[in-house]
Amino acid sequence: PAESLEAWRPMLDDLHKALGRPVRAVSVATYEGIAQAISEQRVDIAFLSGRLALDAVSQQNMQVIGRLTRGDGSRGYYAVLLTSKDSRLRTLGQLLGQPGKWRFARGEALSVSGYLVPETQFFAARGLDSDTYFKSVHIDNHQNNALAVANGEADVATNNTADLERFRQHFPDQYARLNVLWKSTLIPHAVIVIRNDLPPALREQVAAFITGYGKGKDGARETANLKLIHDISGFAPAGNGELVPFADIEYALEQRRASSAQWVSDSAREARFRKIRIDHDTLVARLRDK
């Protein structure tokens, strides 16, 4: 959290000047912490990964106004499963063929790359539940999970390609010990959301500042500020439709939960699947509604 505050401070100082009003930064150590801050309306504008942004838009009266752009032009990043180069665990076949043997480190349940994408694309796709498949499950942030694998405290861990870039800079020796065992499909970059109950003129002013940052007459200085946030080249205009892939992820998880549950009858089971499908279709339609 302290590093994040320091990295964002120059850009937020410029936002303060552009708006002519104070801007107070909130940075927390957990996904649950920021979700709580948003639900308590202690946050007006937020930089969020997809799952948190989906909750903010669908439940907390917020909307997407911009999406992150990277200097390399990428449209997203990838979730990965990490092992150690020195580990006995060297192949996916070994991972999938020996339930109850390996120690697993993952992110929080709201973490897109730390839990949601690996859980849906890798585990659920094979009829597995990571919380019951492994010998042990440890939940922590990306950095600590990567350290756990590098130091032999976990056999396999979730992570993502963007955080691994930061990890390589801070922990080059430990990074050299890591091996990527599996990589997901592309995950869209994080987004900026803002509260809908702020005055429309203020929302427009914030959106214009964020999407124009690094592109104006003071572009060189502003671009340097963005680089402090780790190779962010800026923010492109975006809407709630950016979050449809994350609604699909949640849909897949809900389907798996329903499939593994015990039902009093086939009709009750089918009713649950029908509700999951209707809720998903309704949410997607809402997200795509301009």
Side-chain angles (χ1 to χ4, degrees), residues 1 3-12 15 25-38 43-60 62-80 107-118 120-121 141-143 158-167 183-195 206-207 209-214 222-223 225-250 287:
E3 291 179 2
S4 181
L5 286 174
E6 182 179 356
W8 280 86
R9 175 49 53 195
M11 180 178 174
L12 295 183
L15 178 60
V26 176
S27 185
V28 297
T30 67
Y31 290 90
E32 291 291 348
I34 191 62
Q36 182 176 355
I38 291 173
V43 173
D44 299 303
I45 310 162
F47 176 60
L48 303 174
S49 61
R51 183 59 176 80
L52 282 171
L54 182 64
D55 283 350
V57 167
S58 62
Q59 302 175 25
Q60 302 298 334
M62 302 186 86
Q63 69 179 68
V64 175
I65 57 173
R67 61 170 175 81
L68 179 153
T69 58
R70 290 284 304 273
D72 60 8
S74 65
R75 294 282 299 182
Y77 60 102
Y78 300 89
V80 297
E108 297 175 62
L110 289 173
S111 172
V112 172
S113 61
Y115 176 71
L116 293 168
V117 168
T120 52
Q121 289 191 13
N141 60 47
H142 293 304
Q143 176 179 289
T158 59
N159 216 288
N160 69 68
T161 51
D163 275 272
L164 281 177
E165 292 175 10
R166 283 187 283 273
F167 188 82
K183 187 168 76 170
S184 73
T185 60
L186 190 70
I187 304 169
H189 283 311
V191 298
I192 298 279
V193 298
I194 191 169
R195 292 198 60 82
V206 171
F209 170 86
I210 288 173
T211 57
Y213 199 74
E222 293 174 355
T223 298
N225 289 343
L226 289 165
K227 289 287 185 182
L228 298 174
I229 315 172
H230 189 66
D231 197 29
I232 291 179
S233 64
F235 296 91
N240 293 341
E242 295 283 333
L243 304 180
V244 170
F246 304 101
D248 292 341
I249 290 171
E250 188 63 21
L287 293 173

Which atom pairs, donor and acceptor, lie under 3.5 Å between side-chain atoms of residues 46-53 and protein residues at least two apart or in another chain?
| residue | atom | partner | partner atom | Å |
| --- | --- | --- | --- | --- |
| R51 | NE | E250 | OE1 | 3.0 |
| R51 | NH1 | D55 | OD1 | 2.4 |
| R51 | NH1 | D55 | OD2 | 2.8 |
| R51 | NH2 | E250 | OE1 | 3.3 |

message: If you count every heavy atom of other residues, nucleotides or ligands that lies below 6.0 Å from E165 atom CD, does the total exceed 12?
response: yes
field: Distance in Å, L15 CG paired with R9 CZ, rounded so as to fall on 0.5 Å steps
entry: 10.0 Å
- prompt: Any side-chain heavy atom of F246 within less than 4.5 Å of one from I249?
  reply: yes
- line: Closest non-hydrogen atoms of V43 and I45, given as atom of the first, atom of the second and distance, are CG1-O, 3.2 Å
task: Taking salt bridge (Lys or Arg N to Asp or Glu O under 4.0 Å) as the test, write out the residues that go with E32, two or more places apart.
output: none
field: OG1-CD1 distance between T211 and I192, expressed to the nearest 0.5 angstrom
entry: 10.5 Å
task: Heavy atoms only: give me the nearest P10-L228 pair and the separation to one decimal.
output: CG-CD1, 3.7 Å
message: I need the L116 CG to E108 CD distance, nearest 0.5 Å.
response: 11.0 Å
query: Can you tell which of N159, N160, T161 makes a side-chain hydrogen bond (donor to acceptor under 3.5 Å, both in side chains) with S113?
result: N160
query: How far does CE of M11 sit from CD of E222, to the nearest 0.5 angstrom?
result: 8.5 Å
message: For a quick test of reading the model, state the closest non-hydrogen atom pair linking I187 to Y78 and the distance between them.
response: CD1-C, 4.2 Å
statement: What one should report as the nearest heavy-atom pair of M62 and D44 is CE-O, 3.5 Å
Atom of H142, atom of Y31 and distance for their closest heavy-atom approach: NE2-OH, 4.0 Å
- prompt: For residues 183-192, which residue pairs qualify under salt bridge (charged side-chain N to carboxylate O under 4.0 Å, His left out), counting only residues two or more places apart or in two chains?
  reply: none
statement: When rounded to the nearest 0.5 Å, the distance separating OG1 of T158 from OH of Y115 is 10.5 Å
message: Checking D163 now: which residues fulfil salt bridge (Lys or Arg N to Asp or Glu O under 4.0 Å) with it, not counting sequence neighbours?
response: R166
field: With sequence neighbours excluded, residues passing side chain to side chain donor-acceptor pair (under 3.5 Å) with T223
entry: none
field: Check: Y77 and V112 side chains under 4.5 Å, non-hydrogen atoms
entry: yes
query: For R67, what residues pass the salt bridge (Lys or Arg N to Asp or Glu O under 4.0 Å) criterion, not counting sequence neighbours?
result: E242
- request: Rounded to the nearest 0.5 Å, what's the gap from CG on D248 to CG on L243? Could you check?
  value: 11.0 Å
- prompt: Are F235 and T69 close enough, and set up right, to give a side-chain contact (heavy atoms from CB on, under 4.5 Å), and what steps lead you there?
  reply: CA-CA 5 Å; F235 296 91; T69 58; 5.8 Å; no
query: Taking all atoms of both residues into account, what is the closest heavy-atom pair of S4 and S27, and its distance?
result: CB-OG, 3.5 Å
